[in-house]
Amino acid sequence: MTAGPFLMADNVDAALAALAAGAKPVAGGTDLVVGARQGKDPLPPSLVAIDRIAELATITSTEETVAIGAAVTHARLMTDNLIVGDYTALADAAALVGSPATRNVGTLGGNVMNGSPAMDTGAPLVVFGALVELKSQAGARLVPPANLWVGPGTTSASNDELCTACVLPRRPPRSGSAYIRLEYRRAMEIAVVGAAASVELNEAGELQHVAVALTAVAPTIMAVENLDTVLDQPMSDEVLDAVASLASSQAKPISDLRAGAEYRAHAVGVMARRAVDAAARRAGGEHIPVPVNRAEGVGRTERS
Ligand SMILES: Cc1cc2nc3c(=O)[nH]c(=O)nc-3n(C[C@H](O)[C@H](O)[C@H](O)COP(=O)(O)OP(=O)(O)OC[C@H]3O[C@@H](n4cnc5c(N)ncnc54)[C@H](O)[C@@H]3O)c2cc1C
């Protein structure tokens, strides 16, 4: 069977059959269609729309996991009670994506499968230990993001695989998270650099677990290593300095017209510091509204 030029699938099996026949999925179209219009890549000859597949637009929980369907939009992620309450960094990130129009149709699956090193939902997914669910007619598999994103705009998924969900482990007590990005103006701008943090405190209020991942400072979203050196102590300026230094020294940024490599490496340390600080404050019960960027005034300009 060959795929027609445009099919609207109303269930996953129909979408998988279209992919097997050579079609490419389109969800919100905010990368695929906008990119084609801007002359980045022509539209593929055959497309299957997946945005009307109800089972991909659900957020479902079990005792161990929360599965966010690939077609869940950024607008929903930034307002859903479970996401805002337990996976706040993801809500922070979704709230920064583009404009209201972009967020109303742009999806988590599209963000993840587009594979940009500047994707905003990527670093939160990494710090939560999320797995990406991929399905084809041959079966399903769960892939850690680090194995999925292999280079800028490139994933290890085969052409016949559909991202159906991101599966996140349930959050422990006394945990908090945050995502913050550097941007030069308030809206419609992708991250110059960004950082997500997840923090768990023990009963004494000391750091029990800290995870940090960075946006736009490497060919893919990257996790910061050796954070165990800051554990088993209360939050302090020294802890935040150590986080900033680990993030800046491990970043491998490029220079482009938006920022030089040296500036990006420094700035991502500042973002990591702020993300860990906000995550720890949330873990301690402080209410910091989504997104942290706005709450902390990052990206605010005179006119915004
Ligand atoms: C004005 C504007 C501002 C933006 N700002 C931001 C920003 O601030 N931060 C940010 O991260 N992004 C931003 N983006 C990029 C884009 O909006 C996001 O990446 C969005 O999440 C893409 O989702 P989508 O559903 O529109 O993807 P689509 O365009 O439909 O698809 C993107 C890619 O993923 C593939 N795909 C989609 N869904 C699946 C699936 N379920 N399984 C397998 N492959 C799939 C498609 O084939 C395509 O290759 C912006 C875009 C625009 C136009």
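This chain uses plain numbering: 1 for the first residue, then up along the sequence. What you see is a predicted model, and the numbers here were worked out from it, not measured in a lab. Order of listing sets the numbers, starting from 1, for every ligand and every atom in it.
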Lys/Arg-Asp/Glu bridge criterion (N-O < 4.0 Å) met for Lys40, Asp31: no

Arg103 to ligand 1, any heavy atom closer than 4.0 Å: no

Ligand 1 contact by Gln38, heavy-atom criterion under 4.0 angstrom: no

With no hydrogens and no angle check, do the side chains of Ser248 and Ser245 hold a donor and an acceptor under 3.5 Å apart? no

Say whether Val97, considering both its backbone and side-chain N or O atoms, lies within less than 3.5 Å of an N or O atom on ligand 1. no

Close N or O approach (Pro25, ligand 1; < 3.5 Å): yes

Nitrogen or oxygen of Thr30 less than 3.5 angstrom from that of ligand 1: yes

Going by the closest heavy atom to atom 12 (N) of ligand 1, which one wins out of Asn111, Val132, Thr215? Asn111

When only distance counts, is Ala27 in polar contact with ligand 1, meaning an N/O pair under 3.5 Å? yes

Answer yes when Glu296 and Arg281 have at least one side-chain N-carboxylate O distance shorter than 4.0 Å, and no when they do not. yes

Can you sort out the partners of Ser198 under side-chain hydrogen bond (donor to acceptor under 3.5 Å, both in side chains), two or more places apart, ordered by chain and number? Arg171

Among Cys163, Ala93, Gly35, Ala101, the residue with a heavy atom nearest to atom 42 (N) of ligand 1 is Cys163

